[in-house]
Novice: 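My questions will all concern the structure given below.
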Amino acid sequence: MNCVRLVTDDLYWVGTNEHRLALFENIHPIPRGVSYNSYLLLDKKTVLFDTVDWAGGRQFLENVEYVLDGRPLDYLLINHLEPDHAASIDEILVRHPETVVISNEKAFMLMHQFGFHIDGEGKTIEVSEGDTFSFGDHTVTFVSAPMVHWPEAMVTLDVTNGVLFSADAFGTFGALDGKLFADEVDFDKDWLDEARRYLTNIVGKYGPHIQALLGKASAVLDKIKIVAPLHGPVWRTDLLYFIDKYDKWSRYEPEEKGVLIIYASMYGNTEAAAMKLASHLSEGGLNKVAVYDVSSTHVSYLISETFKYSHVVIASVTYNLGIFPPIHNYLIDMKALNLQKRTFAVVENGSWAPKAGDLIEEFLNEELKEMTVLSSRVTVNSSLNESSGRELYELAEALIESVNEE
Ligand code: FEO
């Protein structure tokens with residue numbers, strides 16, 4: 001049975017929802033699943049915008065055939081070649097040998113590398129930024145979006161009705177489960193965290209490239225009426241709300257003035273220090289305080305939260321005279337994703353040779369960009385005592401002052 005949604009009067013969502021995959025890209029947990037969005041336009045010519053991961057192939061093919069209702073598929077337009085969207089290209093072409101594939105030079109190169117069977121005289125049309133193409137009533141134009149998220153990525157604007165097929169940009173984790181539009185859900189409450197986790201972990205490294213795409217979009221902002229990404233809800237209202245989030249994330253600017261505490265604790269003593277610090281912060285009037293155990297929180301959530309908050313406290317045990325491995329992994333991931341412009345404080349714990357503090361500060365100062373480390377480091381020897389407890393209170397005061405002065 002088909003499962004499609006109408007986006008406009010002649011454009012259908014024909015994508016699929018994924019609930020059985022535990023890890024997106026085999027690395028990021030997706031407890032709420034993910035959607036692979038594909039769109040089918042019924043103009044004088046029929047046009048399929050991207051395909052889906054092969055996991056959703058059966059439903060997708062049923063959706064496409066239902067909407068086509070016997071018509072040929074004239075064009076398959078590929079904005080992004082990553083297999084979560086491109087894996088079903090071959091199957092579409094087997095079922096529709098009449099289809100001509102429209103994409104750009106780099107995407108066609110990748111199609112060959114992935115072994116897709118797209119050869120054939122007159123079966124491909126290569127387009128470049130600024131080109132236009134008409135399908136009848138609808139005319140589209142192409143905008144390259146390199147590194148958002150792969151080098152071949154482009155977005156396509158239907159200049160007739162203002163639908164922007166935005167590829168990975170403006171996507172989110174989370175299956176749609178019947179909903180389609182962002183205004184059909186409580187996005188801020190139920191989706192924003194997953195949208196941030198998706199963007200920051202998948203494309204966070206490429207902030208300048210997102211900025212470049214936003215710059216191109218701003219030039220035609222008045223023409224964009226609907227944003228149709230390859231994952232998550234479609235936007236037809238409040239576009240500026242989400243564009244503003246993308247602008248902040250890609251400039252590495254925090255959304256919230258607040259404190260994120262990430263702790264590593266083997267026997268509960270560093271955890272106790274983290275909780276005491278969080279209590280001081282809340283008592284001191286901060287209402288944006290979040291606390292995570294690094295050992296039980298996937299790093300993708302920690303990265304997302306670090307993008308969200310202005311201040312971060314790393315509270316860590318010393319382990320083998322080094323940094324506790326999950327904290328080290330978090331630091332390395334921050335570096336890989338180009339995370340920058342945050343204020344950090346460090347709480348270390350060591351029973352005979354506390355080293356974590358020095359090593360974490362060294363990493364923050366030397367490996368990451370534009371990080372500020374507050375000087376008021378707290379050292380705990382095994383467990384909090386009167387002296388380290390007082391230092392913790394002073395650290396809370398320093399954090400509150402720093403948050404409030406930003
Ligand atoms: Fe959703 Fe870069 O693929």
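Note that ligands are numbered from 1 as they come in the structure, with each ligand's atoms numbered from 1 the same way.
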Novice: Using a strict threshold of under 4.0 Å (side-chain N to carboxylate O), is an ion pair present between R95 and E91?
Specialist: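 Looking at R95 together with E91, the answer is yes, because their closest N to O distance falls below 4.0 Å.
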Novice: Using a strict 4.0 Å threshold on nitrogen-to-oxygen distance, state whether D190 and K179 make a salt bridge.
Specialist: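 Looking at K179 together with D190, the answer is no, because their closest N to O distance does not fall below 4.0 Å.
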Novice: Sum up the protein N, O or S atoms located under 2.8 Å from atom 2 (Fe) of ligand 1.
Specialist: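 Number of qualifying protein atoms: 4.
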Novice: Cationic tip of R32 within the cone over W191's six-membered ring, i.e. under 6.0 Å and within 45° of the normal?
Specialist: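 Yes, R32 and W191 form such a contact.
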Novice: Assess R5 against Y12: is NZ or CZ under 6.0 Å from the centre of the six-membered ring, and within 45 degrees of the ring's axis?
Specialist: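 No, R5 and Y12 do not form such a contact.
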Novice: Do the charged groups of K308 and E255 touch, with an N to O distance under 4.0 Å?
Specialist: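 Looking at K308 and E255, the cut-off is not met.
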Novice: Do NZ/NE/NH1/NH2 and the carboxylate oxygens of R342 and E370 come within less than 4.0 Å?
Specialist: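 Here R342 does not pair with E370 in a salt bridge, since their nearest N and O are not under 4.0 Å apart.
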